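This report refers to the structure that appears directly beneath it.
Note that this is a predicted model, so its numbers are computed, not measured. Protein chains get the first letters and strands the later ones, always in sequence-line order, with residue 1 at the start of each.
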Protein chains: 2
Amino acid sequence: MPYRKTPSEIRRLEAAREHLVACATSVVAEVGWAQTSVTAVADSAGIAAGSVYQHFPSKAALAVEVFRRAAGREVEVLGEVLDGEGDPVERLTRGIEVFARRALENRGLAYALLAAPAEAAVGAERLEFRRRYRALFAEVVRQGMAAGLLPAQNGEITAAALTGAIGEVLVDPLGTPSGHTTDELLTDLTAMALRCAGAPAV
Amino acid sequence: MPYRKTPSEIRRLEAAREHLVACATSVVAEVGWAQTSVTAVADSAGIAAGSVYQHFPSKAALAVEVFRRAAGREVEVLGEVLDGEGDPVERLTRGIEVFARRALENRGLAYALLAAPAEAAVGAERLEFRRRYRALFAEVVRQGMAAGLLPAQNGEITAAALTGAIGEVLVDPLGTPSGHTTDELLTDLTAMALRCAGAPAV
DNA sequence: GGAAGAAGTGAACCACCATTCAGAGCTTCC
DNA sequence: GGAAGCTCTGAATGGTGGTTCACTTCTTCC
């Protein structure tokens with residue numbers, strides 16, 4: 001057997017795969033799923049179109065991987081904040097802020113994750129992603145109710161509403177140019193979210 | 001000039017066009033924009049694929065027409081309710097109810113209007129559609145603030161949040177099967193919306 | 001150095017639809 | 001009836017873009 005992958009070769013291949021995923025993520029964030037062709041991704045990664053198929057069996061599989069990575073990061077970050085220090089209302093406030101700030105910092109990606117037209121496989125991932133977001137918010141709302149900080153309510157609906165509301169506000173291209181600074185937008189957004197959960201006005 | 005369209009012939013053609021739009025709307029509501037082919041629409045309307053092009057210059061033009069009709073109806077209905085009788089909070093409550101009830105009665109269409117993957121031309125229409133929804137809600141919120149029924153807030157953001165929140169709750173396929181009756185869902189949804197706008201708890 | 005076998009290439013292939021168009025079938029009016 | 005001009009048809013066309021594959025290039029190990 002005159003050829004066997006050395007550890008360094010394996011690492012090189014893994015790195016190439018990572019690079020491919022990273023480049024694909026950039027392309028998607030820039031032009032959206034619909035405009036992302038295999039050729040464009042390959043070009044961006046500096047490899048031939050055919051080489052993409054050394055790492056992924058299909059374009060859809062690559063798209064799903066891109067989505068999972070990006071969505072996973074967001075869920076993880078939000079989860080850490082919502083599970084962190086402070087009472088449930090404080091954590092909810094910080095969670096909204098983090099969610100919103102990250103989305104505003106990379107609008108293209110946020111749009112791709114939350115709303116951009118995508119093929120069926122990505123659509124299914126998106127549903128799962130939203131479900132996880134909802135579960136995180138719902139848990140904090142539940143804690144807030146248990147602690148007597150929030151009024152009785154259907155936590156699942158509040159959680160879904162928060163996801164939808166923030167997405168709608170952030171994703172709409174008209175969101176920023178309408179004369180608000182980012183900070184004003186964040187202030188108004190968190191105020192709205194707290195009202196939505198029923199937290200007493202500050 | 002041995003041929004000239006008679007009034008009845010003109011009516012026949014208009015009816016055929018209406019029928020085509022109606023059938024296309026059904027197909028879209030059933031399978032979504034992405035799965036809607038010209039052939040499928042033509043079959044559903046009982047005509048040949050080529051005949052579609054007697055009424056519309058392109059598939060995109062037909063799709064836009066389908067979207068405009070359906071979206072226009074929704075905006076009109078919501079607008080009438082929000083401009084109707086009662087104080088702003090009452091009208092807002094009824095508006096949410098109507099929005100939600102209509103969406104629940106025709107989920108496929110609601111999904112197509114609010115969220116389903118679609119080509120660029122339809123995406124642009126959808127932005128406009130959401131903008132109109134937002135404007136309607138924002139006006140009622142503004143009136144509520146003026147009447148002292150709602151606290152000071154960024155009405156545009158509240159309006160966007162309402163649109164996003166309701167859409168998220170209604171569109172997610174997991175919305176209903178989770179053990180709620182439609183009426184419970186509507187009750188929880190309006191309660192959430194009123195909190196979101198800052199209306200005092202009832 | 002050289003054999004064995006993997007990764008990388010990119011032009012060719014192919015499936016999928018929107019769109020077209022030459023001809024068939026109607027409708028109108030003399 | 002028949003000429004003129006329309007609507008309707010559906011197989012053929014064409015563009016797009018994911019996928020394949022014969023070939024080249026690189027890596028490993030004797």
Using atom CG of A:L62 as one end and atom C1' of D:dT19 as the other, report the distance to the nearest whole Å. 14 Å

For the helix from C:dG1-D:dC30 to C:dC30-D:dG1, what angle lies between the axis at the first five pairs and the axis at the last five pairs, to 10 degrees? 0°

Distance, rounded to the nearest Å, where A:K59 contributes NZ and C:dC16 contributes C1': 14 Å

Set out, line by line, the N/O atom pairs under 3.5 Å between protein and nucleotides 8-12 of chain D.
{"unit_1": "D:dC8", "atom_1": "OP1", "unit_2": "B:R12", "atom_2": "NH1", "d": "3.3"}
{"unit_1": "D:dT9", "atom_1": "OP2", "unit_2": "B:A48", "atom_2": "N", "d": "2.9"}
{"unit_1": "D:dT9", "atom_1": "OP2", "unit_2": "B:S51", "atom_2": "OG", "d": "2.7"}

Nucleotide C:dG8, atom C1' - distance to NE2 of A:H19 in whole Å: 15 Å

Can you tell me how far P of D:dG17 sits from CH2 of A:W33, to the nearest Å? 17 Å

Matching residue for B:E74 among B:R130, B:R102, B:R126 - test: salt bridge (Lys or Arg N to Asp or Glu O under 4.0 Å): B:R102

Atom pair distance, as rounded to whole Å: CZ in B:R11 and P in C:dT27: 15 Å

To the nearest angstrom, how far is B:Q35 atom CD from C:dA18 atom P? 11 Å

Whether over 12 other heavy atoms sit under 6.0 Å from B:Q35 CD: no

Between B:R101 and B:T182, a side-chain donor and acceptor under 3.5 Å: no

A:E156 vs A:R142, salt bridge (Lys or Arg N to Asp or Glu O under 4.0 Å): CA-CA, chis, key distance, verdict: CA-CA 9 Å; A:E156 282 291 321; A:R142 201 191 57 69; over 6 Å; no

Is the count of non-hydrogen atoms from other residues, nucleotides or ligands lying under 6.0 Å from A:R68 atom CZ greater than 12? no

Do the charged groups of A:E128 and A:R131 touch, with an N to O distance under 4.0 Å? yes

Could you tell me the separation between the CG atom of A:D43 and the P atom of C:dG8, rounded to a whole number of Å? 16 Å

Any idea which heavy atoms bring A:R195 and B:P151 closest together, and the distance? CD-CG, 4.5 Å

Counting only heavy atoms not in B:R91, do more than 12 sit closer than 6.0 Å to its CZ atom? yes

Interatomic distance, A:F56 CZ vs C:dA7 P [rounded to whole Å]: 15 Å

So how far is it from A:L92 CG to A:F137 CZ, rounded to the nearest 0.5 Å? 6.5 Å

